[in-house]
Amino acid sequence: MFLNDRTGQSVALCYSMNVHPGEGVDDVVSALQQYVLPLRERLGETGRFAVGLRWASRAVAEDPRELLALLRGEDLAAVTVNAFPFGDFHGARVKEEVYAPDWTTRERVDYTLGVARLLTACHAAGADVSMSTVPVSFKPWEPDLATAARNLAHVAEELGRLEGETGVRVRVALEPEPFCTLETADEALAFWQTWMAPAEHLGLCPDTCHHAVRWESGAEALDRYAQAGIVVPKIQLSSALEADSLADLEPFAEPRYLHQVVAEGGGDRLDLGMDGPELHGMLRCHFHVPIHKDRVGPARTTRHEMDATLDHAWKTGATRCYEIETYTWDVLPLKEGALLDSLEAEYRYVLERMGG
């Protein structure tokens with residue numbers, strides 16, 4: 001859906017369709033029909049409705065005409081794409097493989113440009129849309145930053161050419177995440193200052209869960225990005241887990257995704273359920289949980305951190321797109337209701353904070 005923030009700017013609110021399994025065009029079409037259209041009806045929206053697509057590498061190679069026809073026929077606006085996961089995001093084990101191929105590879109470049117071409121096909125001239133992507137690489141892989149920066153610069157140049165041909169601006173937004181090359185606001189700013197030339201087609205995608213896990217203020221990060229002249233094409237709204245002990249996080253250990261854990265006073269573990277240093281004090285865990293919840297089972301959530309970032313962004317006009325991202329629904333213990341029920345509750349929670 002589309003709303004006006006407190007600065008009078010029109011912004012989109014959507015949810016990331018990476019919550020749905022499936023890697024092909026037919027899977028995307030099915031998810032739009034089974035979830036997005038019923039969700040719009042539940043919310044009482046009758047007009048243009050914002051959509052955050054999931055567009056995997058397999059779908060890039062397929063004919064998009066059925067999808068484009070559905071988007072146009074139902075007045076669905078593909079305002080953003082989650083182009084972070086390249087392959088099967090709902091496989092038995094994803095873990096660190098979600099970061100591959102990273103920005104040191106040609107595969108990531110080609111995939112990103114393929115998604116960008118799809119986005120331009122979804123819109124008329126004058127549109128300004130985005131995609132989120134890997135924050136360079138996974139830190140333990142020690143990527144070549146010079147190569148990554150060259151690849152990003154090449155993509156920015158190609159996106160400029162694409163805008164010249166179609167009139168549609170596509171911005172690629174790197175999404176800082178725990179244990180990645182860009183993990184904190186400090187690291188994101190340092191990478192920009194060291195490696196990146198000014199480029200209007202590149203920016204950052206802050207995720208409120210990720211900022212919370214790293215014990216940093218999302219609102220302060222937004223101000224620092226703005227001061228540095230870095231565009232924020234979208235903000236992902238999500239909550240992490242917060243607990244007083246690893247025992248309270250044990251019910252959330254599962255084999256598909258990484259669930260990085262960081263202690264408030266220092267110390268971390270790459271994942272739940274793995275050996276590592278003892279962690280003391282309050283802990284936060286990278287496990288995206290429904291954003292309307294302040295508690296899930298034995299753990300609290302960082303909803304209060306998301307609220308603070310959302311309130312600040314809404315007041316200052318920090319972005320033109322907000323994307324709810326709770327992709328872990330399939331592996332979430334202690335679910336309440338069905339996925340569609342949870343999506344509706346998440347939207348209503350955000351809309352209430354936005355004053356809508």
Side-chain angles (χ1 to χ4, degrees), residues 1-2 12-43 45 48-91 94 98 101 107-108 110-124 127 129-134 166 168 170-173 175 205 233-234 236 238 256-257 288 321-331 338-340 342-344 346-347:
M1 63 180 61
F2 294 88
L13 173 64
C14 61
Y15 80 90
S16 178
M17 292 180 66
N18 63 356
V19 68
H20 305 302
E23 307 304 313
V25 174
D26 55 341
D27 299 310
V28 179
V29 168
S30 177
L32 287 167
Q33 293 170 333
Q34 293 181 38
Y35 292 95
V36 174
L37 295 179
L39 176 64
R40 176 169 67 178
E41 184 175 354
R42 284 188 178 204
L43 294 171
E45 293 291 309
R48 192 162 171 256
F49 196 72
V51 175
L53 291 178
R54 159 81 175 107
W55 201 249
S57 57
R58 185 184 119 195
V60 169
E62 296 179 345
D63 188 338
R65 283 180 292 183
E66 183 182 6
L67 170 67
L68 295 175
L70 178 61
L71 293 173
R72 291 167 185 155
E74 295 291 348
D75 206 10
L76 301 174
V79 294
T80 190
V81 173
N82 191 314
F84 193 130
F86 176 88
D88 187 356
F89 194 51
H90 289 264
V94 178
V98 74
E107 290 86 350
R108 177 60 65 172
D110 292 343
Y111 165 60
T112 302
L113 292 175
V115 173
R117 284 189 284 271
L118 168 78
L119 269 172
T120 62
C122 294
H123 295 277
V129 292
S130 68
M131 67 174 80
S132 49
T133 189
V134 174
T166 65
V168 177
V170 180
R171 303 182 196 261
V172 173
E175 180 187 335
C205 171
K234 73 174 173 181
Q236 288 182 327
S238 57
R256 182 180 297 168
Y257 302 116
H288 291 226
C321 181
Y322 295 87
E323 183 179 49
I324 298 166
E325 197 200 20
T326 313
Y327 63 81
T328 48
W329 178 261
D330 279 356
V331 296
L339 174 57
L340 193 56
S342 185
L343 289 171
E344 180 185 357
E346 290 185 293
Y347 265 77

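Values below: all heavy atoms of this structure, side chains included; hydrogens, waters and symmetry mates excluded. These figures come from a predicted structure and were not determined experimentally.
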K.L.:
Got a donor-acceptor contact below 3.5 angstrom from the Glu175 side chain to the Ser132 backbone?
P.N.:
no
K.L.:
Please name the pair of heavy atoms, one in Asp75 and one in Arg40, separated by the smallest distance, quoted to 0.1 Å.
P.N.:
O-NH1, 3.7 Å
K.L.:
Do Tyr347 and Cys14 pass the side chain to side chain contact (heavy atoms under 4.5 Å, CB included) test, and can you show the C-alpha distance, the side-chain angles, and the key distance before you say yes or no?
P.N.:
CA-CA 8 Å; Tyr347 265 77; Cys14 61; 4.2 Å; yes
K.L.:
Apply side chain to side chain contact (heavy atoms under 4.5 Å, CB included) to Phe86 and Val134, showing your working.
P.N.:
CA-CA 9 Å; Phe86 176 88; Val134 174; over 6 Å; no
K.L.:
Compare all side-chain heavy atoms of Met17 with those of Val51 and state whether any distance is below 4.5 angstrom.
P.N.:
yes
K.L.:
Under 4.5 Å between any side-chain heavy atoms of His123 and Thr166, yes or no?
P.N.:
no
K.L.:
Does the pair Arg58/Asp26 count as a salt bridge with the N-to-O cut at 4.0 Å?
P.N.:
yes
K.L.:
Once rounded to the nearest 0.5 Å, what's the spacing between atom CD of Glu23 and atom CG of Asp88?
P.N.:
4.5 Å
K.L.:
Going from CE on Met131 to SG on Cys205, what distance comes out if it is rounded to the nearest 0.5 angstrom?
P.N.:
12.0 Å
K.L.:
Sub-3.5 Å donor-acceptor pair from the side chain of Thr328 to the main-chain atoms of His288, do we have one?
P.N.:
yes
K.L.:
Roughly how far, to the nearest 0.5 Å, is the CZ atom of Arg171 from the OG1 atom of Thr80?
P.N.:
12.0 Å
K.L.:
Is it the case that the ring center of Tyr35 lies less than 6.0 angstrom away from the ring center of Tyr15?
P.N.:
no
K.L.:
Hey, is the main chain of Arg256 close enough, under 3.5 Å, to the side chain of His90 for a donor-acceptor pair?
P.N.:
no
K.L.:
Taking the side chain as everything from C-beta on, heavy atoms only, tell me whether Leu119 gets closer than 4.5 Å to Trp55.
P.N.:
no
K.L.:
Atom CD of Gln236 and atom CD1 of Ile324: how far apart are they, to the nearest 0.5 Å?
P.N.:
11.0 Å
K.L.:
Could you grab the distance from atom CZ of Arg42 to atom CG of Leu37, nearest 0.5 Å is fine?
P.N.:
13.0 Å
K.L.:
Please name the pair of heavy atoms, one in Arg54 and one in Pro85, separated by the smallest distance, quoted to 0.1 Å.
P.N.:
NH1-O, 3.0 Å
K.L.:
Kindly state whether the ring of Phe89 and the ring of Tyr257 have centres lying under 6.0 angstrom apart.
P.N.:
yes
K.L.:
Work out which heavy atom in Phe84 is nearest to a heavy atom in Thr133; give both atom names and the distance.
P.N.:
CD1-O, 3.6 Å
K.L.:
List the steps and the verdict of side chain to side chain contact (heavy atoms under 4.5 Å, CB included) for Val60 and Asp110.
P.N.:
CA-CA 10 Å; Val60 169; Asp110 292 343; over 6 Å; no
K.L.:
Roughly how far, to the nearest 0.5 Å, is the CG atom of Leu43 from the CG atom of Leu343?
P.N.:
9.5 Å
K.L.:
Using atom types as modelled and distance alone, determine if a side-chain donor or acceptor of Ser342 lies under 3.5 Å from a backbone N or O of Leu339.
P.N.:
no
K.L.:
Do we see a donor-acceptor contact under 3.5 Å between the side chains of Asn82 and Glu323?
P.N.:
no
K.L.:
Taking all heavy atoms of Ala56 and all of Tyr111, pick out the closest pair and write down the distance.
P.N.:
C-CE1, 3.7 Å
K.L.:
Flag yes if more than 12 heavy atoms outside Gln33 fall under 6.0 Å of its CD atom; otherwise flag no.
P.N.:
yes
K.L.:
List the atom of Leu118, the atom of Pro64, and the distance in Å for their closest heavy-atom pair.
P.N.:
CD1-CB, 3.8 Å
K.L.:
Can you confirm whether Val170 sits close enough to Val81 that some side-chain heavy atom of one is under 4.5 Å from a side-chain heavy atom of the other?
P.N.:
no
K.L.:
How close do Ala83 and Arg108 get, heavy atom to heavy atom, and via which atoms?
P.N.:
O-NH1, 2.9 Å
K.L.:
Is any side-chain heavy atom of Leu71 closer than 4.5 Å to a side-chain heavy atom of Leu32?
P.N.:
yes
K.L.:
Please tell me whether Lys234 and Ser130 have a donor and an acceptor in their side chains that are separated by less than 3.5 angstrom.
P.N.:
no
K.L.:
Just do the side chain to side chain contact (heavy atoms under 4.5 Å, CB included) check on Val19 and Thr326 with the steps written out, would you?
P.N.:
CA-CA 7 Å; Val19 68; Thr326 313; 5.7 Å; no
K.L.:
Decide yes or no for Leu53 and Val115: does some side-chain heavy atom of the first lie under 4.5 Å from some side-chain heavy atom of the second?
P.N.:
no
